[in-house]
There are 2 protein chains.
Amino acid sequence: MARNKDLNKQMRDERREQILSNALRLFAVNGLAATKISDIATISGFSQGLIYHYFRSKEDIFTELIREAFGKLNHAARELEKLPVPPREKIKIALEELLKSFEKSENFALSHLLIAQATVSDAIPKEAKKIIAAENMVPYEIITRIIIEGQKDGSIKQFDSNDLALVFWTSVKGLAMHRAAHGKKYKTPDKNILMSMFFT
Amino acid sequence: MARNKDLNKQMRDERREQILSNALRLFAVNGLAATKISDIATISGFSQGLIYHYFRSKEDIFTELIREAFGKLNHAARELEKLPVPPREKIKIALEELLKSFEKSENFALSHLLIAQATVSDAIPKEAKKIIAAENMVPYEIITRIIIEGQKDGSIKQFDSNDLALVFWTSVKGLAMHRAAHGKKYKTPDKNILMSMFFT
DNA sequence: TTTATAATTGAATGAATATTCAGTCATTAT
DNA sequence: ATAATGACTGAATATTCATTCAATTATAAA
């Protein structure tokens with residue numbers, strides 16, 4: 001035997017994370033096809049060959065990122081729905097958290113951008129397509145349910161609930177794109193603007 | 001001499017349009033790198049080689065599409081600003097027209113999607129980058145001016161005008177992405193939802 | 001120190017695909 | 001009818017990567 005097993009695994013995991021994080025930026029910004037393995041390797045500071053010790057293929061990295069992005073997003077949405085607060089508060093919290101996260105974390109915005117682009121594209125791995133087909137509607141459904149609840153108790157405007165949920169997520173995605181495109185220069189808009197679509 | 005000059009030019013123009021229209025869908029949905037010349041040729045119903053009678057390169061087609069997309073968008077924005085109606089009406093008309101156009105014309109949504117993706121991406125032709133740098137802020141600036149006017153006369157909410165303009169366009173882009181991703185199944189949301197960000 | 005193990009490199013391979021080009025076909029003015 | 005013009009084809013070429021692999025280096029247990 002050589003190196004300590006646990007330390008080894010930890011190193012492997014760190015490298016994987018490093019690759020995934022760098023690949024996220026490149027895939028989200030430039031897309032799967034325009035991102036070269038050599039780009040990911042160079043930005044990560046090592047040789048092309050090494051990528052293949054950690055991932056089977058470029059498509060594998062992409063698919064893993066899609067899996068993680070939906071995992072986090074849909075987990076957060078489910079947690080939101082469970083919160084012990086009135087529906088109106090849930091929408092408010094969701095918007096606040098989303099805007100705050102865009103501001104704080106570039107990766108958060110990139111993750112949304114990745115989802116947005118992958119959802120539109122045909123040119124992605126089969127496995128990623130499957131994940132999208134299975135997970136893509138979850139956030140819409142959850143927000144729709146919360147909105148319906150809020151409309152019952154009169155705290156959310158009486159627009160069509162599906163329309164409201166659609167505009168909720170499309171506006172968020174639009175902001176994510178803008179944040180990703182303008183990086184440092186991005187200034188979070190007043191959350192009350194978006195909130196005024198839902199509340200009087 | 002052979003074929004009639006004018007007829008010839010007309011044929012050329014029609015073919016060009018055909019190529020551009022088909023390429024728009026492919027570029028907007030899959031991106032520059034993931035779109036093959038052979039895809040454009042096949043979908044247009046002729047051989048790969050012929051593309052090169054009409055365009056110098058794949059990047060040329062892309063750049064031309066970016067040029068056209070910004071040309072139309074910014075022309076429309078300038079016309080909007082000139083309309084002899086109060087500022088509040090301009091915002092209302094803009095939103096109505098944008099939503100109606102998304103519904104009516106797939107190419108309109110694709111054109112917005114192309115702009116959105118190209119604005120984020122590094123992996124696009126230099127010439128396209130230049131066009132984006134020169135044209136990208138125009139719609140924001142115009143909407144900001146209209147909003148400031150509307151706030152002076154009290155017909156538009158008193159949020160930060162830059163924030164309002166940002167949310168205006170990011171929400172529209174988000175909708176364009178959704179429309180492009182869901183094609184036939186897309187149902188235009190109630191325009192009053194978006195309008196409630198601007199008007200009481 | 002030696003040795004087993006895994007990380008790492010970068011050149012070689014092969015596949016995908018953009019672009020070119022030599023030749024064919026279709027049209028129409030003469 | 002035919003000659004000139006330009007549309008059009010598809011195979012050949014060139015280029016750009018993804019992926020593989022044989023060799024090297026670093027680590028730490030023995």
Side-chain angles (χ1 to χ4, degrees), chain A residues 1-20 22-24 26-27 29-65 121-128, chain B residues 1-23 26-27 29-65 121-128:
Chain A
M1 218 180 277
R3 225 178 246 112
N4 175 297
K5 272 274 171 65
D6 287 345
L7 180 60
N8 238 316
K9 178 158 187 344
Q10 192 191 323
M11 281 182 62
R12 265 192 88 79
D13 288 352
E14 273 168 26
R15 271 273 194 256
R16 267 185 72 96
E17 282 310 310
Q18 187 189 6
I19 292 172
L20 285 171
N22 287 320
L24 171 60
L26 293 168
F27 284 146
V29 168
N30 295 330
L32 173 64
T35 301
K36 293 175 267 184
I37 283 288
S38 66
D39 293 338
I40 303 175
T42 302
I43 210 178
S44 303
F46 47 67
S47 70
Q48 304 189 32
L50 189 55
I51 302 263
Y52 291 88
H53 270 263
Y54 296 97
F55 294 93
R56 187 176 305 285
S57 67
K58 190 170 84 161
E59 300 207 333
D60 230 47
I61 302 175
F62 186 87
T63 303
E64 178 62 23
L65 284 169
S121 177
D122 284 333
I124 60 172
K126 240 189 215 142
E127 185 64 20
Chain B
M1 220 181 277
R3 222 177 249 111
N4 175 297
K5 272 274 171 63
D6 288 346
L7 180 60
N8 238 317
K9 179 160 185 343
Q10 192 190 321
M11 281 181 63
R12 265 193 89 79
D13 288 351
E14 273 170 26
R15 271 279 194 252
R16 266 185 72 97
E17 283 310 311
Q18 187 188 5
I19 292 172
L20 286 170
S21 171
N22 288 319
L26 293 169
F27 284 147
V29 168
N30 294 330
L32 174 63
T35 301
K36 293 176 270 186
I37 285 287
S38 65
D39 292 339
I40 303 175
T42 302
I43 210 177
S44 302
F46 47 68
S47 71
Q48 303 190 31
L50 188 55
I51 302 261
Y52 291 88
H53 271 263
Y54 296 96
F55 295 92
R56 187 175 306 285
S57 66
K58 190 170 84 161
E59 300 208 332
D60 230 48
I61 303 175
F62 186 88
T63 303
E64 179 62 22
L65 284 169
S121 178
D122 285 332
I124 60 172
K126 237 186 219 149
E127 184 64 20

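Treat the numbers as computed from the prediction; the structure is a model and nothing was measured. Note on naming: letters A, B, ... go to the chains in the order of the sequence lines (proteins, then strands), and numbering restarts at 1 for each one.
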Who pairs with A:S44 by side chain to side chain donor-acceptor pair (under 3.5 Å), at least two apart in sequence or on another chain?
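Checked A:S44 against side chain to side chain donor-acceptor pair (under 3.5 Å); matches are A:N22.
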How far does the helix from C:dT1-D:dA30 to C:dT30-D:dA1 bend, going by the axes of its first and last five pairs, to the nearest 10°?
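Helix axis angle between the two ends: 0°.
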Return the set of residues passing side-chain contact (heavy atoms from CB on, under 4.5 Å) with [X] (not counting sequence neighbours), or none when no residue passes.
{"X": "A:T42", "result": "none"}
{"X": "B:E127", "result": "B:T63, B:R67, B:K130"}
{"X": "A:S121", "result": "A:A123, A:I124, B:N30"}
{"X": "B:Y54", "result": "B:R12, B:R15, B:R16, B:I19, B:L50"}

Under the salt bridge (Lys or Arg N to Asp or Glu O under 4.0 Å) rule, collect the residues that match up with B:D13, sequence neighbours excluded.
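Once residues adjacent in sequence are excluded, the partners of B:D13 under the salt bridge (Lys or Arg N to Asp or Glu O under 4.0 Å) criterion are B:K9.
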Mind checking if A:Y54 touches a base, just sugar-phosphate, or nothing, with heavy atoms under 4.0 Å?
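It contacts sugar-phosphate atoms only.
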Residue pair A:I40 / A:A23: nearest heavy atoms and the distance that separates them
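Minimum heavy-atom contact is CD1-CB, 3.9 Å.
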How does protein reach along nucleotides 9-24 of chain D, written 5' to 3' as B (base within reach of a heavy atom under 4.0 Å), S (only sugar-phosphate), or - (no contact)?
BB------SSBB----
Does D:dA7 have OP1 or OP2 under 4.0 Å away from a side-chain N or O of B:R15?
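No, because none of the side-chain N or O atoms of B:R15 sits under 4.0 Å from OP1 or OP2 of D:dA7.
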Phosphate OP1/OP2 of C:dA7 contacted by A:R12 side-chain N/O (<4.0 Å)
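Yes, such a contact exists.
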Please list all pairs meeting salt bridge (charged side-chain N to carboxylate O under 4.0 Å, His left out) that have one or both residues in residues 37-59 of chain A, counting only residues at least two apart or in different chains.
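Sorted result for residues 37-59 of chain A: empty, none.
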